[in-house]
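None of these values were measured; they are calculated from a predicted model.
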Amino acid sequence: ASPTNPCVPVCCRRFVVVMMAPDAGLFLPITEISSYIQKWTIKARVTSKSPLRTFARGGGNGKVFSVDLLDVHGGEIRANFFNEAVDKFGEMLQVGKCYCFSRGTVRVANQQFNPCGHRYEITFDKGGQIEAAVDDAEIEAVKLSITDLKTVQSKTLPCKVDLCGIITEGGSTVAFTSKDGKELVKRDITIADDTCTSMSVTIWGERAKQEDKTFEGNPVVCMKAVIVKEWNGGRAGSLSEGGVLVFASTMPEAKRVQQWWVDGGNTQTFTALTVMGGGAGSRRIANAKALDLAELRSVSEQIIQNSETYSAVCRLALVQVQKRGEAQPLMYTACQEPKEGRGLPCNRRVDSSGFCPSCNRVGKSAPRFQLRCRFADAQDNLWLTTFHEAAEQVVGMKVEQAKSIEEGEGGREALEGAIVAKFFNQPLQLTVRAKYETYNGEARTNVSCIDARPVPHSQHGRVMLKEVLERVGSLELQL
């Protein structure tokens with residue numbers, strides 16, 4: 001008899017093991033699928049499903065959608081469905097459910113449009129065979145390989161990554177028409193993680209159309225297959241059509257980032273990978289000429305037409321919180337309705353009832369910073385009007401947090417204390433616009449800060465060391 005079961009003879013032990021093998025043994029692991037294996041069956045969970053897309057080819061029209069499949073071994077592969085297969089399987093396949101797949105054609109994958117990382121992908125026609133299967137709890141809902149944002153900062157572009165972070169800005173939906181005439185909808189969100197780094201990510205279509213409240217309250221989010229590219233001299237992401245957006249994930253990375261946020265991450269200053277703004281102005285930001293504050297003061301006084309953009313590394317020395325003995329407003333309520341034809345928020349000041357004179361209606365609004373700041377370096381100091389996105393970086397807090405402090409128990413005094421704590425705290429790289437304009441009949445140059453980023457101490461130290469060595473070298477030549 002068998003030592004593990006005295007009722008089973010040893011001669012029958014092999015037979016018994018085979019008969020009791022689990023059903024999983026009948027399925028080919030996804031990782032082993034290739035064009036050399038003709039007959040196979042896989043059991044997998046649908047982790048994502050693309051929208052139905054139509055196309056024209058050879059004088060006729062076609063349609064296609066795709067799904068990403070994940071099995072119990074962690075293997076992933078994409079499956080494509082064309083024309084009659086769309087009619088047969090389109091309604092049947094649902095995200096999150098398990099199915100058995102067979103009789104598909106295996107081809108080499110186009111890695112540019114495929115987030116699964118498999119060498120191959122499967123195409124199903126009307127002859128394909130797919131059956132609903134009992135759910136397998138051992139198959140994950142989605143497979144992610146998280147890259148933190150600080151690592152994204154040094155990756156070669158373009159790149160494709162999986163991200164996990166806190167939504168710090170939920171943005172708003174923007175509808176527009178693409179150059180080829182397609183009607184598109186997008187939403188730009190900003191995420192931050194526990195490396196104190198943030199980046200803007202664009203989401204599209206039905207994902208972007210979700211209610212605003214879905215993105216409010218700083219939820220943790222995981223995203224699969226985010227394409228990161230250079231944008232305006234910085235980096236920005238776009239969640240690909242075949243990507244995945246997951247709220248309230250239970251994976252360890254999501255729990256860690258959530259805990260970091262609760263433990264004080266929401267009060268920290270982030271290094272922004274994305275340069276805000278657009279168009280020609282953003283190109284000027286990326287190409288801004290580097291000056292110290294003394295040089296900046298000198299050149300700005302000589303501008304007699306148009307505008308120029310410069311950059312300077314300095315520190316926050318003072319914020320004007322009072323004027324003639326009265327408290328100076330540090331923020332205002334701005335209209336957030338999209339401008340017609342552009343999709344960007346209006347940002348004009350609204351009255352106490354929320355009415356915007358530019359849009360001529362009451363709509364969505366939000367607080368925005370507008371600070372008068374004095375910055376200092378080793379050469380000079382300069383007062384600059386500092387606008388919202390830059391102001392948040394300069395004082396190291398979101399405007400919503402500042403508003404909450406001011407309306408809290410400590411009141412305005414507590415807010416001023418929080419701002420004072422940032423004085424001379426961190427080297428900042430400012431982007432400054434000097435613009436010649438006329439105000440109340442008087443011509444003058446208006447100099448304002450339109451972007452600010454914390455400069456890592458190590459990076460700032462290397463720059464200063466280089467300047468010291470250059471000056472020592474020049475002195476040696478003079479001697």
- prompt: Does any donor atom in the side chain of N347 or Q336 lie under 3.5 Å from an acceptor atom in the other side chain?
  reply: yes
message: I'd like to know if the side chain of T267 reaches the main chain of G264, judged simply by a donor and an acceptor atom lying under 3.5 Å from each other, with no hydrogens or angles considered.
response: yes
message: Under the criterion salt bridge (Lys or Arg N to Asp or Glu O under 4.0 Å), I'd like the reasoning laid out for K398 against E169: C-alpha separation, chi angles, the key distance, then a yes or no.
response: CA-CA 10 Å; K398 295 292 182 182; E169 294 182 28; 3.2 Å; yes
message: Please check this pair: side chain of S50 against backbone of S66, looking for a donor-acceptor N/O pair closer than 3.5 Å.
response: yes
message: How close do L293 and F375 get, counting heavy atoms only, and between which atoms?
response: CD1-O, 3.4 Å
Exercise: identify the closest heavy-atom pair between W260 and D193: CH2-O, 3.1 Å
task: Answer yes or no: does atom CD of E326 have more than 12 heavy-atom neighbours from other residues, nucleotides or ligands under 6.0 Å?
output: no
message: I'd like to check the salt bridge (Lys or Arg N to Asp or Glu O under 4.0 Å) partners of K364; sequence neighbours left out, ordered by chain and number.
response: D212
field: Heavy-atom closest contact (S448 atom, L384 atom, distance)
entry: N-CD2, 4.4 Å
message: Tell me every residue that passes side chain to side chain contact (heavy atoms under 4.5 Å, CB included) with A376, counting only those two or more places apart in sequence or in another chain.
response: A317, N381, F424
statement: CD1 (I189) and CG (L245) are apart, to the nearest 0.5 Å, by 6.5 Å
message: My understanding is that only residues two or more places apart in sequence, or in another chain, count here; which of them pass ring pair (Phe, Tyr, Trp, His ring centres under 6.0 Å) with F387?
response: none
query: Got more than 12 heavy atoms from elsewhere within 6.0 Å of CD, Q268?
result: yes
query: Would you say K49's side chain and L93's backbone share a donor-acceptor pair under 3.5 angstrom?
result: yes
query: Around R297, counting heavy atoms of other residues, nucleotides and ligands shown, do more than 12 lie under 6.0 Å from its CZ?
result: yes
field: Audit row: H118, I30, side chain to side chain contact (heavy atoms under 4.5 Å, CB included) steps and yes/no
entry: CA-CA 9 Å; H118 202 294; I30 283 178; 3.8 Å; yes
field: D71 side chain near L69 side chain, heavy-atom distance below 4.5 Å
entry: no
message: With a 4.0 Å cut-off on N to O distance, would you call E400 and R368 a salt bridge?
response: no
query: Would a 4.5 Å heavy-atom cut-off, applied to side chains only, mark C359 and C346 as touching?
result: yes
query: Salt bridge between K213 and E211, side-chain N to carboxylate O under 4.0 Å?
result: yes
message: Classify the ring geometry of F55 against F82: parallel below 30°, tilted from 30° to 60°, perpendicular beyond 60°.
response: perpendicular
task: Check whether any side-chain heavy atom of D148 sits under 4.5 Å from a side-chain heavy atom of T197, and report yes or no.
output: no
message: Apply side chain to side chain contact (heavy atoms under 4.5 Å, CB included) to residues E253 and L144 and explain how you reach the verdict.
response: CA-CA 10 Å; E253 290 88 346; L144 296 168; over 6 Å; no
message: Could you check whether T274 and R235, counting side-chain N and O atoms only, form a donor-acceptor pair closer than 3.5 Å?
response: no
task: Could you verify whether a donor N or O on one side chain and an acceptor N or O on the other, from D68 and S48, lie under 3.5 Å apart?
output: yes
message: Measuring only between side-chain heavy atoms, which start at C-beta, is V152 closer than 4.5 Å to L163?
response: yes
field: Polar side-chain atom of K224 near backbone of K143 as donor-acceptor pair, under 3.5 Å
entry: yes
statement: Residue pairs passing the ring-ring contact (aromatic ring centres under 6.0 Å, His included) test with at least one member in residues 199-224, sequence neighbours excluded, are F215-F247
- prompt: For Q379 and D292, which heavy atoms make the closest approach, and how far apart are they?
  reply: CG-OD2, 3.6 Å
field: Approximate separation, where rounding is to 0.5 Å, of C116 SG and E121 CD
entry: 9.0 Å
field: M251 vs I146 side-chain heavy atoms within contact, under 4.5 Å
entry: yes
- prompt: How long is the gap from CD on E416 to CD on Q322, to the nearest 0.5 Å?
  reply: 6.0 Å
- prompt: What residues, two or more places apart in sequence or in another chain, satisfy salt bridge (Lys or Arg N to Asp or Glu O under 4.0 Å) together with R119?
  reply: none
message: Between R45 and E140 (salt bridge meaning N to carboxylate O under 4.0 Å), is one present in this structure?
response: no
statement: Minimal heavy-atom distance between S145 and D162, with the atoms involved, is N-OD2, 2.9 Å
- request: Would you sort out whether R187 and T202 count as a side-chain hydrogen bond (donor to acceptor under 3.5 Å, both in side chains), showing the intermediate values?
  value: CA-CA 6 Å; R187 180 190 294 263; T202 302; over 6 Å; no
message: Check E337 with R361, please: is the shortest side-chain N to carboxylate O separation under 4.0 Å?
response: yes
field: NZ/NE/NH1/NH2 to OD/OE distance under 4.0 Å, D377 and R315
entry: no
- prompt: Are any non-hydrogen side-chain atoms of S300 and V447 less than 4.5 angstrom apart?
  reply: yes
- prompt: Would you call L291 and S311 a side-chain contact if the rule is heavy atoms closer than 4.5 Å?
  reply: no
query: Looking just at side-chain N and O atoms, do T385 and R372 make a donor-acceptor pair shorter than 3.5 Å?
result: yes
- prompt: Any side-chain heavy-atom pair from F423 and V319 closer than 4.5 angstrom?
  reply: yes
- prompt: Rounded to the nearest 0.5 Å, what separation is found between the CZ atom of R412 and the CD atom of E406?
  reply: 5.5 Å
field: Audit row: Y310, L430, side chain to side chain contact (heavy atoms under 4.5 Å, CB included) steps and yes/no
entry: CA-CA 8 Å; Y310 306 100; L430 307 185; over 6 Å; no
task: Say whether, by atom type as modelled, one donor and one acceptor occur between the side chain of R53 and the main chain of V64 under 3.5 angstrom.
output: no
Set of residues satisfying salt bridge (Lys or Arg N to Asp or Glu O under 4.0 Å) with respect to K186, sequence neighbours excluded: D188
field: Nearest non-hydrogen partners of V350 and A334, listed with the distance
entry: CG1-C, 4.2 Å
- prompt: Atom NZ in K435, atom CD1 in I450: separation rounded to 0.5 Å?
  reply: 10.5 Å
- request: State whether the side chain of H388 and the backbone N or O of V399 hold a donor-acceptor pair below 3.5 Å, judged by distance alone.
  value: no
Verdict with reasoning, V394 to L428, per side chain to side chain contact (heavy atoms under 4.5 Å, CB included): CA-CA 8 Å; V394 166; L428 301 163; 4.2 Å; yes
query: At what distance, to the nearest 0.5 angstrom, does CD1 of I166 lie from CH2 of W261?
result: 6.5 Å
